[in-house]
Novice: 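Have a look at the structure that comes next, please.
Lettering follows sequence order; numbering is per chain, from 1. FYI, side chains are in, hydrogens and waters are out, and symmetry mates aren't considered; it's all heavy atoms of this structure.
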There are 2 protein chains.
Amino acid sequence: MSGTAPLSAVTGLPVVAMVGGGQLARMTHQAAIALGQTLRVLSAGPEESAALVSADVQLGDHRDLEALRRLADGATVLTFDHEHVPTEHLHELEQAGHRVAPGPAALVHAQDKLVLRAALAAAGEPQPAWARVDTVADVEEFAARTGWPVVLKTPRGGYDGKGVFVVGDAEEAAGLLGEHGTLLAEERVAMRRELSAQVARSPFGQVAVWPVVETVQRDGVCAEVLAPAPGLSDERATAAQELAVRIADRLGVVGMLAVELFETAEGVLVNELAMRPHNSGHWTIEGARTSQFEQHLRAVLDYPLGSTAMTAPVAVMANVLGGAASAPDWAGPALDERIHHLMAHWPDVKLHWYGKTQRPGRKLGHVTALGDDHAEVRARAVAAARYLADGVVDPAFAFERDH
Amino acid sequence: MSGTAPLSAVTGLPVVAMVGGGQLARMTHQAAIALGQTLRVLSAGPEESAALVSADVQLGDHRDLEALRRLADGATVLTFDHEHVPTEHLHELEQAGHRVAPGPAALVHAQDKLVLRAALAAAGEPQPAWARVDTVADVEEFAARTGWPVVLKTPRGGYDGKGVFVVGDAEEAAGLLGEHGTLLAEERVAMRRELSAQVARSPFGQVAVWPVVETVQRDGVCAEVLAPAPGLSDERATAAQELAVRIADRLGVVGMLAVELFETAEGVLVNELAMRPHNSGHWTIEGARTSQFEQHLRAVLDYPLGSTAMTAPVAVMANVLGGAASAPDWAGPALDERIHHLMAHWPDVKLHWYGKTQRPGRKLGHVTALGDDHAEVRARAVAAARYLADGVVDPAFAFERDH
């Protein structure tokens with residue numbers, strides 16, 4: 001790595017190259033604008049979320065080493081909107097003198113669930129019982145320890161519930177092994193809920209943690225994030241934050257790290273990691289003094305980190321997942337009209353719309369509400385998101401649990 | 001005006017065309033990203049603040065009708081980062097069916113100080129004694145009423161203290177009249193301080209007001225904004241907000257209106273108007289639930305307006321005006337290094353850097369601090385801005401008044 005990384009000749013400030021043109025890059029671009037930085041985006045197409053709004057867009061594939069080289073050329077640091085870049089390409093970029101953050105040795109733990117499980121086991125960190133399974137016999141041996149059903153996961157490439165299978169018997173397992181090859185087997189955890197602990201870490205080693213949040217999933221996709229996690233004891237929150245910091249340190253993470261956790265009666269278990277801004281941290285744009293997007297930029301550039309203090313007692317983020325209003329036969333109010341209605345009804349709910357083509361199930365945007373009371377704030381955020389997604393206001397919206 | 005304004009074919013959401021590529025367009029772009037909108041910018045050059053970060057940039061001159069036509073083509077509405085577009089061009093655009101917000105009939109009051117004075121006089125609103133002066137005899141007659149010195153202003157084109165002259169006698173006045181032609185003469189007001197009342201107004205007629213702020217000028221340029229104005233009585237604050245709403249209504253403003261005020265012993269007098277996001281409202285990005293930039297977009301598009309509630313008891317914005325560190329012979333830490341130091345020293349101060357070439361006196365960026373106590377928050381914001389501008393931390397920074 002060269003001693004001095006390049007800065008923009010125009011502004012004298014960093015050029016951050018981000019692989020991926022999705023909503024995370026889009027929101028990182030907003031943060032980069034405030035800091036005077038240039039966000040250069042590698043986007044698969046001209047109509048991806050970030051490509052629609054960024055001045056410095058390169059079109060290309062994240063698996064194409066030449067595209068990655070062009071992206072990194074002249075950039076201060078290269079970082080990620082997703083974790084699908086081949087590890088060997090990142091080693092090549094580092095050898096060519098480019099800064100990559102997080103580096104490939106850290107990032108592999110967010111790319112490969114088997115690598116993560118082995119690293120956490122070596123570190124003695126809490127996680128579900130697990131095994132690498134290559135054959136049906138392996139799965140049966142594992143199930144003999146943990147009982148059926150068993151959770152089988154593809155080690156790489158899964159997200160938003162994709163690549164995760166709950167299997168009830170050996171026959172199902174055989175089908176998946178035949179299709180995918182080696183899998184990760186995990187016990188099905190009797191969990192109370194899912195949590196996320198986010199931490200930023202700089203190359204210097206500074207860390208900053210936000211309050212631990214609860215993430216509410218629907219069909220394997222994050223639907224809501226409640227900050228801070230309602231009813232979480234200070235002791236357990238601190239333990240989760242310390243766990244996240246230990247993992248960031250041990251793996252040498254640079255940038256944002258989200259540690260997704262299962263909360264059980266006894267404590268927390270690590271589910272998986274993301275080394276980038278993460279859906280569980282969108283609430284920080286309005287809900288914390290420093291957003292995860294600004295903090296990611298600060299961390300990968302080795303700037304000192306910003307305050308993570310909350311700006312209100314409670315913040316709730318609700319995703320807008322493509323619903324009834326995204327269906328081809330939708331006859332209700334169009335998107336622009338629904339946004340009018342949202343603004344009229346909820347003048348203090350903050351909208352983030354990603355500019356994507358509307359399709360059922362797709363993450364199209366999110367809303368954030370702030371306030372003092374979890375139930376009230378959550379009701380507001382969820383109703384607003386649901387109106388955008390489905391075009392209906394359901395005053396009797398039922399929470400999954402009674403917070 | 002056509003009944004239905006065009007939306008983006010890609011996103012189904014508005015395309016807002018903004019004339020001018022400065023920092024106001026840059027920060028409006030950040031707000032447009034959240035709302036899923038496209039901000040199309042007409043920029044004088046490729047290295048203007050907004051052109052550096054926006055995906056949809058047209059290069060051209062704001063006085064060129066063809067450039068304005070290209071900008072407006074396919075846009076939902078056309079609006080402004082500055083008020084220097086010729087009125088007749090805006091009438092042409094309206095006649096061609098484009099929405100212009102604010103419209104030329106309103107905007108002229110922010111373009112021409114003589115037009116503004118006459119309109120306020122007709123409305124019976126409080127303002128300094130004034131007269132249109134074409135000759136030295138006119139100035140002498142005015143001075144006989146108000147006493148010397150007299151303030152002479154060019155009716156058009158002034159900003160940041162440019163085009164404003166305090167003259168002590170007829171000879172000075174003669175020189176200015178010879179140079180500029182017709183001028184506006186105003187009494188020199190014995191003011192306590194300057195205030196700003198910001199209001200947004202939509203075509204539907206909805207208005208939203210923020211708390212009245214104090215603006216601190218240095219050498220005619222806004223240096224600090226204190227929100228809310230310290231020590232301002234509720235009665236006087238409400239009167240100033242009502243005044244701003246009356247002016248917005250009477251003039252038919254669409255979008256943001258900043259009413260710059262002189263506070264005297266007796267009340268407030270209108271100094272001038274801006275019909276766009278304004279330096280006195282930069283604090284709203286972090287300090288209010290809805291920023292002036294988002295609100296301007298909502299207003300010009302006739303969306304319902306957002307909550308203007310403050311997010312903390314006190315917000316202070318300090319401009320970074322090019323100082324010692326912008327001089328050609330500056331030998332101290334470079335900009336990127338100064339930003340490192342700022343972040344280390346003030347982890348909760350929020351930076352907004354505009355990407356411009358550094359030159360002494362130029363508005364290069366701003367910082368915002370939030371908190372509970374005016375003196376503490378102001379000291380923090382001012383010290384941070386001063387460090388960026390001059391490269392020195394002065395712990396004994398002296399306030400101009402004792403807040």
Novice: Do you know which of A:L335, A:I33, A:L351, A:I339 has the most heavy-atom pairs with chain B at a distance under 4.5 angstrom?
Specialist: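 If we count pairs closer than 4.5 Å to chain B, A:I33 comes out on top.
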
Novice: Below 4.5 Å from any heavy atom of chain B, which atoms of A:L301 appear? Answer side chain, backbone, both or neither.
Specialist: backbone

Novice: Please look at B:L7 and chain A and tell me whether the side chain, the backbone, both or neither of the residue comes under 4.5 angstrom of a heavy atom of that chain.
Specialist: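 Just its side chain gets close to chain A.
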
Novice: Taking only distance into account, so ignoring hydrogens and angles, what donor-acceptor contacts under 3.5 Å exist between chain B and chain A?
Specialist:
{"unit_1": "B:R26", "atom_1": "NH2", "unit_2": "A:I33", "atom_2": "O", "d": "2.9"}
{"unit_1": "B:H29", "atom_1": "NE2", "unit_2": "A:V53", "atom_2": "O", "d": "2.9"}
{"unit_1": "B:Q30", "atom_1": "O", "unit_2": "A:Q30", "atom_2": "NE2", "d": "2.8"}
{"unit_1": "B:Q30", "atom_1": "NE2", "unit_2": "A:Q30", "atom_2": "O", "d": "2.8"}
{"unit_1": "B:I33", "atom_1": "O", "unit_2": "A:R26", "atom_2": "NH2", "d": "2.9"}
{"unit_1": "B:A34", "atom_1": "O", "unit_2": "A:W353", "atom_2": "N", "d": "2.7"}
{"unit_1": "B:V53", "atom_1": "O", "unit_2": "A:H29", "atom_2": "NE2", "d": "2.9"}
{"unit_1": "B:R289", "atom_1": "O", "unit_2": "A:K350", "atom_2": "NZ", "d": "3.0"}
{"unit_1": "B:T290", "atom_1": "OG1", "unit_2": "A:K350", "atom_2": "NZ", "d": "3.1"}
{"unit_1": "B:E294", "atom_1": "OE1", "unit_2": "A:K350", "atom_2": "NZ", "d": "3.2"}
{"unit_1": "B:E294", "atom_1": "OE2", "unit_2": "A:K350", "atom_2": "NZ", "d": "3.3"}
{"unit_1": "B:D302", "atom_1": "O", "unit_2": "A:H340", "atom_2": "NE2", "d": "3.4"}
{"unit_1": "B:Y303", "atom_1": "OH", "unit_2": "A:D336", "atom_2": "OD1", "d": "2.4"}
{"unit_1": "B:S307", "atom_1": "N", "unit_2": "A:P347", "atom_2": "O", "d": "2.9"}
{"unit_1": "B:D336", "atom_1": "OD1", "unit_2": "A:Y303", "atom_2": "OH", "d": "2.4"}
{"unit_1": "B:H340", "atom_1": "NE2", "unit_2": "A:D302", "atom_2": "O", "d": "3.4"}
{"unit_1": "B:P347", "atom_1": "O", "unit_2": "A:S307", "atom_2": "N", "d": "2.9"}
{"unit_1": "B:K350", "atom_1": "NZ", "unit_2": "A:R289", "atom_2": "O", "d": "3.0"}
{"unit_1": "B:K350", "atom_1": "NZ", "unit_2": "A:T290", "atom_2": "OG1", "d": "3.1"}
{"unit_1": "B:K350", "atom_1": "NZ", "unit_2": "A:E294", "atom_2": "OE1", "d": "3.2"}
{"unit_1": "B:K350", "atom_1": "NZ", "unit_2": "A:E294", "atom_2": "OE2", "d": "3.3"}
{"unit_1": "B:W353", "atom_1": "N", "unit_2": "A:A34", "atom_2": "O", "d": "2.7"}

Novice: Contact part of A:I285 toward chain B, heavy-atom cut-off under 4.5 Å: side chain, backbone, both or neither?
Specialist: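 A:I285 has no heavy atom closer than 4.5 Å to chain B.
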
Novice: Which atoms form the tightest heavy-atom contact between B:A51 and A:A55, and what is the distance?
Specialist: O-CB, 4.2 Å

Novice: Which bit of B:L305 comes within less than 4.5 Å of chain A, counting heavy atoms only: side chain, backbone, both or neither?
Specialist: backbone

Novice: What part of A:A344 gets closer than 4.5 Å to chain B, counting heavy atoms only: side chain, backbone, both or neither?
Specialist: both

